Amino acid sequence: MENTKIKIPVPELFNKDECLWFLSRDFDDCMYRVYKDRVRRAFGEAGSIMVVDVYMMPDELVLEWLNMKPCDQDIENVIRFVSEWFDLETDLTQFYSIILEDKRIAHIAKEYSGLRFIGIPDLFEALAWGIIGQQINLSFAYKLKRRLVEKYGTFTLYEDEKYYVFPAAEVLSEVKTDDLRALQFSEKKAEYLITIAKAFSAGTLSRELLQNLPDLESRIKYLTNIRGIGLWTANYALMKSLKEPSGIPHGDAGLLNALINHGIIEAKNDKASIEEFFKPFTGWEAYLVFYLWRTLARPKE
DNA sequence: TCCCAGGGCATCA
DNA sequence: TGATGCCATGGG
C-alpha cells in the first residue's frame, strides 16, 4: 500500500535550507528529527500518533504519512500544524523593505531571505518551553525538555525510533514538584510548570480563551497574572504559538546581545534606544526578534 | 572560580 | 515604577 502524500504550496519568499538549518541548529530538540531535505516528527495525541515526513522542496512541501493512513481530519490537522509551524501564510515583502531602511541590520534581509518564523503551534508546549528556558542556557534547557518529554510524553515507535508528542497538560497537572526536581528542574520552575498544566487542565487557560481577548495588551495581562509567567514568557509564547506579530520578549538575553552586536545599544538597560529601534517595525516586531536571534547562531558550515 | 544564560518574584524605597 | 537580591544549575 502506498503511503499517503499531500503537497502544500509554499509562499514566494521561502528558503527551505534556512528553515531546515534553523531546526537543526546548535541544539538537540526532542520533538523532531531533521534529515537532509526533510523533518520527521509525531503529530496527534496519545492513542493515535502519526509519524509524518515533511519534505522541504524549493517550491512546495510534501507531507508523507509513514505509520498509518490518515483520515481527512488527520490531514487537515497536520496541514494546519505545518502551516503554523513554518509560518506559511505571511508575505515577507514589507518586512524586508523596512529592514533595508536600517543599515545596521540590512544584512539580515539578504542573508536569511526566506527564513520563516518557526513556531510552536501548541500553546501549552510553547508556555512550558518558555518556563523551562527561563534564565538558563539553551543547551541545558533542551536537556530539561527532553527529560520531561521522555518521562511524561507519549511516543510511537517507527523504524526502532521513538517519536514523542509533548506531555498532555492533564498528565503534568498531576505531577509533583519533587518529580520534576529529580529531572533537575528548580523548585520554582517545577511549581510554575505544574501551575500552567493545572490551568490548561481546568480550562482557565487555552488558545481559544486568549484569542477571544481583544488585543495583545489584554492577552499579556491575562498571562502575566499567572504565577511563573512574566513579560518575557507571555510575549515569547504569544509570538511562537499565536503568531502574535508584535510580541517582543522584553529583556531577552539573546535579543539584547544581538542589539549590542549590531551597535543598536551599548548597555542592556537602554530601553529608549530599543524602543526607537523597533518603532518602524510595527506589526513585524516578532519577526525582527526572530531574525536577530538567528544572527546569534554559529555560522553555517 | 567567576560570569552568564532566550526570567520571575518578593522586598524595599 | 525602579532597583536589588534570591533562586538553580550547566557551560565557557
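As the structure is a computational prediction, the values presented were derived from the model and not from experiment. Chain letters run A, B, ... following the sequence lines, proteins first and then strands; every chain starts at 1.
- Nearest-nucleotide mapping onto DNA chain C: of A/K143 and A/Q135, the residue sitting toward the 5' end is A/Q135.
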Subject >> CA sep, side-chain torsions, deciding dist, call: A/L193, A/F185, side-chain contact (heavy atoms from CB on, under 4.5 Å) >> reply: CA-CA 10 Å; A/L193 185 53; A/F185 281 64; 3.8 Å; yes

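- In this structure, the CD1 atom of A/I132 is 15 Å from the P atom of C/dG10, given to the nearest Å.
- For A/T233, a side-chain nitrogen or oxygen approaches OP1 or OP2 of B/dG8 to under 4.0 Å.
- Atom-to-atom, CD1 of A/I248 to C1' of B/dG7 comes out at 17 Å; the value is rounded to the nearest Å.
- Remark: P of B/dA5 and NZ of A/K189 are 14 Å apart, rounded to the nearest angstrom.
- Residue A/I136 is the one, among A/G228 and A/I136, whose nearest nucleotide of DNA chain B lies closer to the 5' end (criterion: closest heavy atom).
- Under the 6.0 Å cut-off for aromatic ring centres, A/W284 and A/F290 do not qualify, their centroids lying 6.0 Å or more apart.
- No hydrogens or angles considered: a donor-acceptor pair under 3.5 Å links the side chains of A/Q73 and A/N77.
- Between the C1' atom of C/dT9 and the NZ atom of A/K145 lies a distance of 19 Å, rounded to the nearest Å.
- Here the C1' atom of nucleotide B/dG7 and the CG atom of A/N137 are 14 Å apart, to the nearest Å.
- Nucleic acid contact for A/L231: sugar-phosphate only, since backbone atoms but no base atoms lie under 4.0 Å from a heavy atom of the residue.
- Aromatic pair A/Y163/A/F155: centroids not less than 6.0 angstrom apart.
- Spacing between atom CD of A/E191 and atom C1' of B/dG7 amounts to 14 Å, rounded to whole angstrom units.
- Going from atom CG of A/N225 over to atom C1' of B/dC9 covers 14 Å, rounded to whole Å.
- Of all heavy-atom pairs between A/V10 and A/P58, the closest is CG2-O, 3.8 Å.
- For C/dC7, neither phosphate oxygen OP1 nor OP2 lies less than 4.0 angstrom from any side-chain nitrogen or oxygen of A/R181.
- At whole-Å resolution of the value, NE2 in A/H250 and C1' in B/dG8 are 16 Å apart.
- Within the 4.0 angstrom heavy-atom criterion, only backbone atoms of the sugar-phosphate kind lie near A/N257; the bases stay farther away.
- Contacts of A/Q134 with the nucleic acid, taken as non-hydrogen atoms under 4.0 Å apart, involve only primed sugar atoms and P, OP1 or OP2.
- Residue A/K268 is classed as a sugar-phosphate contact, given heavy-atom separations below 4.0 Å to backbone atoms only.
- Among the heavy atoms of the strands, none lies under 4.0 Å from A/F185.
- Residues A/R227 and A/I120 each lie close to DNA chain B; by heavy-atom proximity, the contact nearer the 5' end of the strand is made by A/I120.
- Only the P atoms considered, B/dC9 is 23 Å distant from C/dG10, to the nearest whole Å.
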